[in-house]
Amino acid sequence: MIGLVVVTHAGLATSLIAAATMITGSSDCCEAVELHVDDPADGLVARIAEALAKVGTDGAIIMTDMFGGTPSNAAMSFLQEGKVEVVTGVNLPMMVDFFSRRERMTLEDLCASLLRCGRESVIVAGEFLR
């Protein structure tokens with residue numbers, strides 16, 4: 001099973017996992033890592049490493065909230081072709097997509113699905129309904 005580590009600012013990771021679990025019913029092999037105002041950046045890297053070790057050995061995806069932010073920059077140091085990938089811009093539809101598909105897809109295909117899901121889930125409702 002592909003593992004998931006959600007790395008974000010403040011309480012976003014924990015909240016996204018809770019919301020996704022409410023919809024999908026499961027958050028196995030998933031860890032939240034959050035950066036708070038007074039946290040040192042090197043502590044964040046250590047916590048990501050700890051979380052990755054907990055989520056399994058079949059590969060993992062690290063989802064971060066914003067490309068270029070500290071959580072994202074820290075996560076990039078764990079990139080490992082075919083084993084660990086980083087996907088930025090996490091949102092609830094991406095989380096639901098992850099939990100629904102992770103047992104049926106390769107790491108690479110799941111990342112492509114998450115990217116497509118994230119992009120397609122951003123809609124201006126007024127324009128969509130016209």
Side-chain angles (χ1 to χ4, degrees):
M1 177 185 299
I2 297 171
L4 174 63
V5 178
V6 184
V7 185
T8 69
H9 294 84
L12 184 58
T14 299
S15 295
L16 279 169
I17 292 169
T21 301
M22 186 176 117
I23 295 166
T24 65
S26 172
S27 62
D28 293 342
C29 298
C30 176
E31 292 287 320
V33 177
E34 297 171 341
L35 178 67
H36 296 279
V37 174
D38 296 327
D39 290 346
D42 57 342
L44 181 63
V45 171
R47 288 187 287 133
I48 294 170
E50 218 173 278
L52 276 172
K54 289 180 184 174
V55 299
T57 57
D58 294 339
I61 293 176
I62 303 173
M63 290 193 204
T64 68
D65 51 2
M66 175 171 77
F67 182 76
T70 302
S72 227
N73 293 340
M76 298 297 181
S77 63
F78 294 94
L79 281 171
Q80 192 176 8
E81 191 171 335
K83 291 199 174 232
V84 178
E85 188 55 79
V86 176
V87 178
T88 66
V90 63
N91 62 33
L92 185 57
M94 291 168 70
M95 298 280 296
V96 171
D97 193 58
F98 173 85
F99 287 117
S100 301
R101 297 175 186 260
R102 71 173 163 175
E103 293 186 50
R104 295 180 281 134
M105 298 181 126
T106 64
L107 184 72
E108 182 180 54
D109 290 343
L110 184 55
C111 286
S113 179
L114 294 172
L115 181 63
R116 186 174 44 258
C117 179
R119 288 181 175 160
E120 290 174 356
S121 66
V122 178
I123 293 173
V124 176
E127 291 177 11
F128 180 76
L129 296 173
R130 282 187 212 129

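All values derive from a computational prediction rather than experimental measurement. Basis for what follows: all heavy atoms, side chains included, without hydrogens, waters or symmetry-related copies. Start at 1 with the first residue, then count along the sequence.
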Exercise for the section: List the atom of H36, the atom of G11, and the distance in Å for their closest heavy-atom pair. Expected result: CE1-N, 4.3 Å
Completion exercise
For S121 and N91, the nearest pair of non-hydrogen atoms, with its separation, is OG-ND2, 3.1 Å
Practice task
Would you mind reporting whether P71 and H9 have side-chain heavy atoms less than 4.5 Å apart?
Solution key: yes
Exercise for the section: Ignoring hydrogens and angles, tell me if any N or O in the side chain of E34 forms a donor-acceptor pair with the backbone of T14 under 3.5 Å. Expected result: yes
Exercise for the section: Please answer: with hydrophobic residues joined when any side-chain heavy atoms are less than 4.5 Å apart, are V86 and V33 in the same cluster? Expected result: yes
Problem - Joint hydrophobic cluster, L44 plus L16, side-chain heavy atoms closer than 4.5 Å - result: no
Handout entry: Residue pair A20 / L92: nearest heavy atoms and the distance that separates them
Key = N-CD1, 3.6 Å
Handout entry: Polar side-chain atom of D65 near backbone of G89 as donor-acceptor pair, under 3.5 Å
Key = no
Handout entry: CE/M76: more than 12 non-hydrogen atoms of other groups inside 6.0 Å
Key = yes
Practice task
Is it possible for you to say whether L107 and V5 belong to one hydrophobic cluster, with membership spreading through side-chain heavy-atom contacts below 4.5 Å?
Solution key: no
Exercise for the section: Sort out for me which residue in T64, L35, T88, T70 forms a side-chain contact (heavy atoms from CB on, under 4.5 Å) with V7. Expected result: T64
Handout entry: Where P93 and C117 come nearest, the two heavy atoms and their spacing
Key = O-SG, 3.3 Å
Fill in the blank from the handout: dist E85:CD -> Q80:CD (nearest 0.5 Å) comes out at 11.0 Å
Exercise for the section: Look at the side-chain heavy atoms of Ile, Leu, Val, Met, Phe, Trp and Tyr, link any pair under 4.5 Å apart, and say whether I123 and L129 land in one connected group. Expected result: yes
Problem - S77 (side chain) donor-acceptor with A74 (main chain) under 3.5 angstrom - result: yes
Exercise for the section: First locate atom CZ of R102, then atom CD1 of I61, and finally report the distance between them rounded to the nearest 0.5 Å. Expected result: 9.5 Å
Exercise for the section: Would you check if the side chain of T21 reaches a backbone N or O of I17 as a donor-acceptor pair within less than 3.5 Å? Expected result: yes
Exercise for the section: Please determine which of V87, I2, V90, T24 meets the side-chain contact (heavy atoms from CB on, under 4.5 Å) test together with F98. Expected result: I2
Handout entry: ILVMFWY network linking F67 to L115, side-chain heavy atoms under 4.5 angstrom
Key = no
Practice task
Taking the side chain as every heavy atom from C-beta outward, state whether L114 and M63 have any atom pair closer than 4.5 Å.
Solution key: yes
Exercise for the section: Please check if the side chain of S100 supplies one atom and the backbone of D97 the other of a donor-acceptor pair under 3.5 Å. Expected result: no
Fill in the blank from the handout: dist K83:NZ -> L52:CG (nearest 0.5 Å) comes out at 12.0 Å
Practice task
Could you grab the distance from atom OG of S113 to atom CE of M94, nearest 0.5 Å is fine?
Solution key: 9.5 Å
Exercise for the section: State the CE-CD1 distance between M95 and I23, to the nearest 0.5 angstrom. Expected result: 10.0 Å
Problem - Closest heavy-atom pair and its distance - T106, D109 - result: OG1-N, 3.1 Å
Problem - L4 side chain near V55 side chain, heavy-atom distance below 4.5 Å - result: no
